[in-house]
Amino acid sequence: RGVTKGYSQQGTKQGETARHLSSERKGRGRQPHSSSDREGRGRQPHLSSERRKRRKRTVFTAADISTLEQVYQSNKFLNPRLKGYVLSRVTVPGNTVVMWFQNRRAKDRARGIPIS
């Protein structure tokens with residue numbers, strides 16, 4: 001990998017491999033990736049001196065937990081109507097509520113409590 005096989009340096013870009021050259025000739029149109037390509041796809045570029053900051057832990061109020069537990073006792077799974085009801089009574093976003101239910105079911109499974 002990474003070694004040019006039997007090709008002259010004429011007409012080739014620096015850093016291309018034999019695989020990239022052969023795929024271009026077959027019309028697949030693959031190009032070697034550069035760091036500028038990766039930055040454009042919504043990912044963070046690799047930063048050696050800085051670390052990506054972690055997402056802050058979600059803080060649930062006592063009322064939020066009470067509401068979520070109350071709903072969970074009667075319904076282990078959210079449907080759109082129930083999700084709307086829960087969201088009208090808690091202070092966290094919808095994706096956090098969905099994740100809370102997933103984590104709560106996992107907690108029950110770990111304790112050996114059947115989910116039905």
Side-chain angles (χ1 to χ4, degrees):
R1 252 185 118 135
V3 176
T4 307
K5 294 182 180 178
Y7 294 99
S8 67
Q9 292 298 324
Q10 295 174 337
T12 61
K13 295 177 187 172
Q14 187 176 2
E16 285 186 335
T17 63
R19 188 183 77 207
H20 288 114
L21 291 172
S22 63
S23 64
E24 284 179 357
R25 288 191 178 126
K26 291 179 185 175
R28 292 187 188 139
R30 284 187 170 179
Q31 295 291 326
H33 298 292
S34 69
S35 62
S36 62
D37 290 342
R38 280 179 253 143
E39 290 171 11
R41 289 191 235 151
R43 288 191 220 146
Q44 285 278 351
H46 178 67
L47 303 173
S48 58
S49 61
E50 297 178 28
R51 287 190 160 182
R52 282 180 62 182
K53 292 188 179 182
R54 291 180 59 164
R55 184 184 67 81
K56 299 280 187 193
R57 185 180 173 119
T58 302
V59 178
F60 293 92
T61 64
D64 288 346
I65 293 173
S66 174
T67 302
L68 290 164
E69 286 290 348
Q70 213 172 17
V71 172
Y72 183 79
Q73 293 308 314
S74 59
N75 298 292
K76 306 290 189 219
F77 295 88
L78 280 176
N79 59 42
R81 190 173 180 178
L82 185 60
K83 183 179 175 183
Y85 169 80
V86 172
L87 288 176
S88 69
R89 285 163 174 71
V90 297
T91 60
V92 294
N95 59 342
T96 304
V97 170
V98 170
M99 191 60 61
W100 185 92
F101 269 78
Q102 288 177 354
N103 290 337
R104 187 64 176 78
R105 287 191 299 269
K107 185 176 176 181
D108 280 355
R109 275 188 222 104
R111 290 178 175 172
I113 300 170
I115 299 169
S116 50

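Computation of the quantities below employed the complete heavy-atom set of this structure, encompassing side-chain atoms and omitting hydrogens, waters and symmetry-equivalent molecules. All figures in this text were calculated on a predicted structure; none of them were measured in a lab.
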Problem set entry | Partners passing side-chain hydrogen bond (donor to acceptor under 3.5 Å, both in side chains) against Q102 (at least two apart in sequence or in another chain) | none
Seminar exercise, completed: Residue pairs passing the salt bridge (charged side-chain N to carboxylate O under 4.0 Å, His left out) test with at least one member in residues 58-71, sequence neighbours excluded, are E69-R104
Exercise. For N103, what residues pass the side-chain contact (heavy atoms from CB on, under 4.5 Å) criterion, not counting sequence neighbours?
Worked result: M99
Exercise. Other hydrophobic cluster members with V90, side-chain heavy atoms of Ile/Leu/Val/Met/Phe/Trp/Tyr under 4.5 Å, chained?
Worked result: F60, I65, L68, V71, Y72, L78, L82, Y85, V86, L87, V92, V97, V98, W100, F101
Exercise. For R111, what residues pass the side-chain contact (heavy atoms from CB on, under 4.5 Å) criterion, not counting sequence neighbours?
Worked result: K107, I113
Seminar exercise, completed: With sequence neighbours left out, the residues meeting side-chain hydrogen bond (donor to acceptor under 3.5 Å, both in side chains) with S66 are none
Exercise. Taking only residues at least two apart or on different chains, which pairs with a member in residues 71-98 satisfy salt bridge (charged side-chain N to carboxylate O under 4.0 Å, His left out)?
Worked result: none
